[in-house]
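Letters go in sequence order (proteins before strands), and every chain restarts at 1.
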2 protein chains.
Amino acid sequence: MDPAVVGRRVRALREEQGISLSTLARLAGVGKATLSGLEHGTRNPTLETLWAVTAQLGVPFTALLAEPAAEPTVHGTAVTATLLEVFTDTDATYELYRMRVAPGVTQLSPAHAPGVTEHVTVFAGVLRAGPTDAPLTAPAGGHLRWVSDVPHSYAAVGDEEVAASLLLRYPRR
Amino acid sequence: MDPAVVGRRVRALREEQGISLSTLARLAGVGKATLSGLEHGTRNPTLETLWAVTAQLGVPFTALLAEPAAEPTVHGTAVTATLLEVFTDTDATYELYRMRVAPGVTQLSPAHAPGVTEHVTVFAGVLRAGPTDAPLTAPAGGHLRWVSDVPHSYAAVGDEEVAASLLLRYPRR
DNA sequence: CGCTTCCGTTCCGTAAACGGAACAGTCGGG
DNA sequence: CCCGACTGTTCCGTTTACGGAACGGAAGCG
C-alpha cells in the first residue's frame, strides 16, 4: 500500500475543513514535521499518529484507506463501476455504484428489465448518458435519470475522465 | 485508541485461521518480535506493518478498527449517515453517504460553506428535505438537489424510515 | 533419554518516526 | 516600509519500532 495515497487523502480532508497544517498538528497533538511528512507520504506513520489525526478530522480510517480487491468491479469498454452497496426494499432493489467513464469511447449497454431506472450524479467531467436515441448531458455536480428498459449508452464529453455515482433501481416484480 | 485492542484482534484473527505467530510473521515479511509486540499491544505499529499483517490475514484493515472509530456514522436527531466514500477532484471534494432518516422527527442542519450542494437519491420511504423555508419532497427512486449554504432540514414523510444516498459537494475555494 | 522441530518471548543494534526549533514565504495593518 | 502572525518545510537530537538472533518451553519420535 502506498502511504502517499493516505497522505493525499489526509491533506484533502484537512483542506476541505479549512484547517491549516499547523493548527491540525496542534489540535491532534502531533508535531508539524510529523504531519507534513505524513501528508507528503515521506513517512510511515504510526498507528498512534494516524489515530490522533483522523480523530481530530472526525474521519474514520475507512475514508483514508483504499479498499483492497474486496469489492466487485465491472469493467466495460469505457465504463468501470465498483459496487458500493446493495439495498433491498419491499418495493425495489437498489445497487449503488462508483462509476468512471474513460474519454474517447462510448459504451453501449443493452436494455434492462422493464421499469429499471438509472440515477447518476456526476463528480467530475461531463457525462453524456441515457437512451441511445436520446442521451442526456450533465456536468460536474449534475444529475441524470432515465428509464433503462431500452438500449442506453455512456460517454465522456471532452478529454476528461468522468467520475460519478450510479444508482440502479430494480422494481420488485 | 488503545493499541492493545488492535493487538487482541490480530491475535484473534490469526488463531481463527490456525496460523502460528512465526508463520504469519514470515508470510507477512515482518519480524516475529514485531508481530509479538503488536499482538501484546506493547508496540505502536507502523502503517506499513499493519498493512503487511492485515493483507496476509486477508482482512481489509477496517476489520481491526471496525468496532471503535470505524463507525464513520454521523448521528443526529433524525438522521444517521454513514460515510461510504470521499472523492477529491481538481474542482471539488465529494462525500458520499448512506443516509437513514427516522420517521416522526425533523432534523435541522446549519448552513454549510458557500457553494456547497447536496444531492439525495431516495431508496425507500418518502423524504422531505432541503432549505428549511422551502423543502423539497421525493418518493422512493426520486432525486433531490439543493444548495446547502442556508439552514436546511431532513424529515421522513409518513411512518416509514427513509433510506437514501447523500452526496455532498464542496467546491474548491 | 536425547534429538529435532516447532512454538512464542526477549534481547539488542540499527533504522527511522517522533516533536521542538529554526527556516523562508505570505498576508494584513500601522 | 517594517513588523507581527501566520503558512508549510526542513533540520536535528531523542525516542522507539524494526528484524535477526538467541532464548526457554512443549511436543513428537527413535
Side-chain angles (χ1 to χ4, degrees), chain A residues 1-59 61 63-66, chain B residues 1-59 61 63-65 68-69 86 88-90 93 113-114 170-173:
Chain A
M1 164 57 185
D2 196 355
V5 172
V6 175
R8 279 195 291 274
R9 299 223 179 130
V10 169
R11 172 152 292 193
L13 286 168
R14 176 174 65 76
E15 293 181 341
E16 175 187 313
Q17 299 191 13
I19 306 176
S20 74
L21 185 148
S22 311
T23 307
L24 178 58
R26 180 172 45 79
L27 290 176
V30 305
K32 299 203 293 180
T34 302
L35 186 52
S36 180
L38 163 59
E39 291 191 354
H40 277 281
T42 57
R43 285 207 191 173
N44 176 18
T46 277
L47 177 62
E48 190 180 13
T49 301
L50 270 180
W51 210 285
V53 172
T54 55
Q56 192 51 234
L57 284 171
V59 166
F61 275 44
L64 295 184
L65 304 167
Chain B
M1 166 57 187
D2 196 355
V5 172
V6 174
R8 278 195 291 273
R9 297 234 175 107
V10 169
R11 172 152 294 192
L13 285 168
R14 176 174 64 77
E15 293 181 341
E16 209 170 279
Q17 300 191 14
I19 306 177
S20 74
L21 185 149
S22 311
T23 307
L24 177 57
R26 181 172 44 79
L27 290 176
V30 306
K32 298 202 294 180
T34 302
L35 186 53
S36 178
L38 163 59
E39 291 191 353
H40 277 281
T42 57
R43 283 206 192 174
N44 177 18
T46 278
L47 178 62
E48 192 180 11
T49 301
L50 270 180
W51 205 276
V53 172
T54 55
Q56 191 51 234
L57 284 171
V59 170
F61 195 112
L64 294 184
L65 320 139
V86 178
T88 306
D89 176 50
T90 51
T93 299
Y170 301 90
R172 175 99 29 225
R173 274 171 292 276

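Residue-level contact check: Thr46(B) touches the backbone only, with heavy atoms under 4.0 Å from sugar-phosphate atoms and none from bases. Nucleic acid contact class of Arg14(A) (heavy atoms, under 4.0 Å, all strands): sugar-phosphate only.
Considering only residues two or more places apart in sequence or on other chains, Glu48(B) meets the side-chain hydrogen bond (donor to acceptor under 3.5 Å, both in side chains) condition with Asn44(A). Ser20(B) is linked by a side-chain hydrogen bond (donor to acceptor under 3.5 Å, both in side chains) to Thr23(B), counting only residues two or more places apart in sequence or in another chain. By the salt bridge (Lys or Arg N to Asp or Glu O under 4.0 Å) test, Arg43(A) pairs with no residue at all, sequence neighbours left out.
Not one side-chain nitrogen or oxygen of Ser22(A) sits closer than 4.0 Å to the OP1 or OP2 atom of dC6(D). The shortest distance between the side-chain N/O atoms of Thr49(A) and the OP1/OP2 oxygens of dC18(C) is below 4.0 Å.
Here the C1' atom of nucleotide dC18(C) and the CG atom of Leu35(A) are 13 Å apart, to the nearest Å. As a whole-Å value, the separation of Leu38(A) CG from dC18(C) C1' is 12 Å. Atom CG in Leu47(B) sits roughly 15 Å away from atom C1' in dC18(D) (whole-Å rounding). Between the P atom of dG20(C) and the CZ atom of Arg26(A) lies a distance of 13 Å, rounded to the nearest Å.
A distance of 6.5 Å separates CD1 of Ile19(B) from CG of Leu27(B), quoted to the nearest 0.5 Å. The distance from the CZ atom of Arg8(B) to the CG atom of Leu13(B) is 13.0 Å, given to the nearest 0.5 Å.
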N/O contacts under 3.5 Å, protein versus nucleotides 9-13 of chain C?
unit_1 : atom_1 : unit_2   : atom_2 : d
dT9(C) : OP1    : His40(B) : NE2    : 2.3
dT9(C) : OP2    : Arg11(B) : NH2    : 3.4
dT9(C) : OP2    : Ser36(B) : OG     : 2.8

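Here the side chain of Thr23(A) is nearest to one of dT7(D), dG19(D), dC7(C), namely dT7(D).
Both Glu48(B) and Ser20(B) lie near DNA chain C, and the one whose nearest nucleotide falls closer to the 5' end is Ser20(B).
Within the 4.5 Å cutoff, no side-chain heavy atoms of Leu47(A) are placed close to those of Leu47(B). Within the 4.5 Å cutoff, the side chain of Leu50(B) has heavy atoms near those of the Val6(B) side chain.
For residues 32-42 of chain A, the set of pairs meeting the salt bridge (charged side-chain N to carboxylate O under 4.0 Å, His left out) definition, not counting sequence neighbours, comprises Arg11(A)-Glu39(A), Arg14(A)-Glu39(A).
The shortest non-hydrogen separation linking Leu35(A) to Leu21(A) is CD2-O, 3.4 Å.
Stems are defined here as 3 or more consecutive Watson-Crick or G-U wobble pairs with pairing distances under 3.5 Å; those involving DNA chain C are C:1-24 with D:7-30, C:26-30 with D:1-5.
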